[in-house]
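Whatever order the structure lists ligands and atoms in, that order sets their numbers, starting from 1. Below, each value reflects all heavy atoms present in this structure, side chains not excepted, and no hydrogens, waters or symmetry copies.
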Amino acid sequence: MSKNWRPATKLVHGGTLRSQFGETSEAIFLTQGFVYDSSEAAEARFKGEDNGFIYARYGSPTNDMFEKRMCLLEGAEDARATASGMAAVTAAILCQLKAGDHIVAARALFGSCRWVVETLAPKYGIECTLIDGKDLANWERAIRPNTKVFFLESPTNPTLEVVDLAGVAKLANQIGAKVVVDNVFATPLFQKPLELGAHIVVYSATKHIDGQGRCLGGVVLSDKEWIDANLHDYFRHSGPAMSPFNAWVLLKGLETMALRVRQQTENATKVADFLAGHDAVARVIYPGRKDHPQADIIARQMTGGSTLVAFELKGGKNAAFAVQNALDVVSISNNLGDAKSLITHPATTTHKSLTEDARVELGISSGLLRLSAGIEDADDLIEDFDRALGKAGK
Ligand SMILES: *Cc1c(COP(=O)(O)O)cnc(C)c1O
């Protein structure tokens, strides 16, 4: 197993653990527990004298393969696979904090992530300040003596803003705080937060890692020291473990992720360019385009564009609804990262629970749509939008 393999090779071979049968495909070890050859062997296992498995809530062979493949791809020392992306985010934040600690978070967060830091954490005495993460000065201003964690997502959902990861990591290191990055939108292929100085990376594996709409999953990655000191016990005893069946599905998802993400990104680029030239569209926000407001930061920290495109219609909500309803190939769904192209109207779905003011702050207007490009033929997607935009009015 080579750390020097390129990503596409790591995705196919990384972490593979063959049983005595020599199977080609990874095996599903759908077992809760493990048996021991003797009392002494059980004692030794519990003492940690060998690194065999004890109980599936702690770890198991299929999950281990998934964790090792993710570590290799991310360049992380260790990982824990969780039942969902939100289990990963919640674990990454709560496992390292206690009452009296303070989080600084970029306010442009996936809705449930925002709930964890804004509503859940304060119930346990963990304070949180939400800021506009685009401006580094805001991170610095929000620092308090008890600041322990910086939390952000980049690019953000749904407006695809980016945060300067190296800049935030530098500030965090000055005060000994940890940077947690939700890297779902960038994917492990296009952005490496650990290399940019972040300490912990989380994914919803539900998105590009599965990529075919089947199961939920998540993963937390970091260095071994941080995981041993923070996540290890939290993970064992609070029980967010992933099902081995899902770990197997996600391993198969990883095998094809580079192919899918490449095609999705190519499609997203073509659709973004088409939309940018259309009369009914007021603006397009796409991290792969030169007119992205933060194109300089994107060039510094990302190696690819995005599978997502945000765009605003001149005709507001009525136009956005009409376009969604007229699309044929593209389905209306709040999910993303799928092989199928999916579109959502954030203001009335994923970001409905925010106040109108919070939506305005984040640039989520009533005419905004978010497309997650799939792996269909790009020309079919463009023809679909061309026809649907005809129904948008002006
Ligand atoms: C989907 C998503 C999550 C939550 O993941 P689940 O697997 O749905 O729990 C967290 N962050 C981002 C950016 C997401 O897109």
Name each N or O atom in ligand 1 that is under 3.5 Å from a protein N or O, and give the partner atom and the distance.
residue, atom, partner, partner atom, Å
ligand 1, 5 (O), S204, OG, 3.0
ligand 1, 7 (O), G85, N, 2.8
ligand 1, 7 (O), S204, OG, 2.8
ligand 1, 7 (O), T206, OG1, 2.6
ligand 1, 9 (O), G85, N, 3.1
ligand 1, 9 (O), M86, N, 2.8
ligand 1, 11 (N), D182, OD2, 2.6
ligand 1, 15 (O), K207, NZ, 2.7

* Within-4.5 Å side-chain heavy-atom neighbours: L94 and I126 ->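 The answer is yes; the side chains approach within 4.5 Å.
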
* Asked: Just by distance, with hydrogens left out, do T147 and H102 show a side-chain donor and acceptor under 3.5 Å apart?
  -> yes

* Report yes or no: do Y286 and S306 form a side-chain donor-acceptor pair below 3.5 Å? =>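 Their side chains do not contain a donor-acceptor pair, so the 3.5 Å distance test is not met.
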
* **Ring centres under 6.0 angstrom apart (H345, F321)** =>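 Yes; F321 has its ring centre under 6.0 Å from that of H345.
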
* How about E23: does its CD atom have over 12 heavy atoms from other parts shown lying under 6.0 Å from it? -> yes

* How are the rings of Y58 and Y55 set to each other: parallel, tilted or perpendicular (split at 30° and 60°)? ->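 Perpendicular, since the angle between the ring planes exceeds 60°.
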
